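What's counted below: heavy atoms across the whole structure, side chains too, no hydrogens, waters or symmetry copies. One is the number of the first residue; the rest follow in order along the sequence. Just so we're clear, the structure is a prediction, and the values are computed from it rather than from any experiment. Numbering of ligands and ligand atoms starts at 1, following listing order.
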Amino acid sequence: MKMSARPVIGINADFFNASKTYSAHARVNAGYFDAILHAGGLPVIIPPLGKEADISEMLDMLDGVLLTGGLDIDPRRNGQPAHPTVQPMAERREMNDKILIQKIVERKMPVLAIGVGMQQLNVYLGGTLFMHIPNDVPKAMPHFDATGGPHRHIVLLEADSKIEDLYGTNELRVNSRHHQAVDQVAPRLRVGARCPDGIIESIESIDPNWFCMGLQWHPEADTASALDLQLFDCFVQSSVRSSDRLQLAA
Ligand SMILES: N[C@@H](CCC(=O)NCCCC(=O)O)C(=O)O
């Protein structure tokens, strides 16, 4: 099979079970694959393959992975009680993503995790979440607009973090639409950015040579800033540098 000279970036699809009006289907917000294309990568949608062997075969063809946003991780699948504000994602997606993330981490593939993707990365690597910010961190500022409209807030990038180096500034104004957040950061990860109220807004690997970054905001969204585009540039360039296939072809 002819492989692209561009870095091939996998994007995990969201998944919805069959309902009265729709058959079971996968979907992806266009912002995810348009951002990868704009940064010089070739996006490939990863459906919830489910089986380890199929996920491994898919990853063998990829140079990096973008983990997308969506609904919530179901706390009951991680030994925690249900929560009235949690809207669990489909079990098929969550089970798939768990295997996908474990293999990405084993292989140290470049990974950019956005929204619930960042939360999955943290949880599956041993960290925890606040189930509902207004309940768990009452003094926190709003992190979503209750009417569903656009909402933004400042984030402060940690000194000497990869994300600070990447954005070239220590303060950003980002879009925000989340009711959960990282509580305990997983081993092997560190905080990259916080909201002024202390809520963690970005995490990253402690290994400086591994592009493994999670963002609670959405750099792929229509409400993203011009600065966010360079994030995708850096992610795609990291995927080139770490790709044996592309290095051999160089
Ligand atoms: N559990 C999370 C979900 C945050 C998230 O990924 N939102 C994005 C939804 C839009 C999309 O599909 O990209 C939370 O804290 O709310």
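- Residue contacts with ligand 1: Val116 is placed with a nitrogen or oxygen under 3.5 Å of a nitrogen or oxygen of the ligand (distance criterion only).
- Partner of Glu201 under the side-chain hydrogen bond (donor to acceptor under 3.5 Å, both in side chains) criterion, out of Gln216, His153, Arg194: His153 alone.
- With sequence neighbours left out, the side-chain contact (heavy atoms from CB on, under 4.5 Å) criterion links Asn29 to Arg27, Tyr32.
- Residue contact check for ligand 1: Leu71 places a non-hydrogen atom closer than 4.0 Å to it.
- For the pair Tyr32 and ligand 1, a heavy-atom separation below 4.0 Å is found.
- For atom 3 (C) of ligand 1, the closest non-hydrogen atom of the protein is Gly70 O, 3.2 Å.
- Here the protein heavy atom with the shortest distance to atom 9 (C) of ligand 1 is Arg177 NH2, 3.7 Å.
- A donor-acceptor contact shorter than 3.5 Å links the side chain of Asn96 to the backbone of Gly50.
- The side chain of His218, and not its backbone, has at least one atom closer than 4.0 Å to an atom of ligand 1 (non-hydrogen atoms only; side chain from C-beta on).
- If you look at Asn29 next to ligand 1, the close heavy atoms, those under 4.0 Å, all belong to the side chain.
- Contact check on Lys108 versus Asp207 returns a salt bridge, with a Lys/Arg side-chain nitrogen under 4.0 Å from an Asp/Glu carboxylate oxygen.
- For the pair Ala13 and Pro47, the tightest heavy-atom approach, listed with the atom from each and the gap, is CB-CA, 4.4 Å.
- The protein heavy-atom contact nearest to atom 15 (O) of ligand 1 is Gln180 N, 2.8 Å.
- Panel note: side chain Ser243, backbone Ser239; no donor-acceptor pair is recorded below 3.5 Å.
- Protein heavy atom at the shortest distance from atom 1 (N) of ligand 1 is Asp72 OD1, 2.5 Å.
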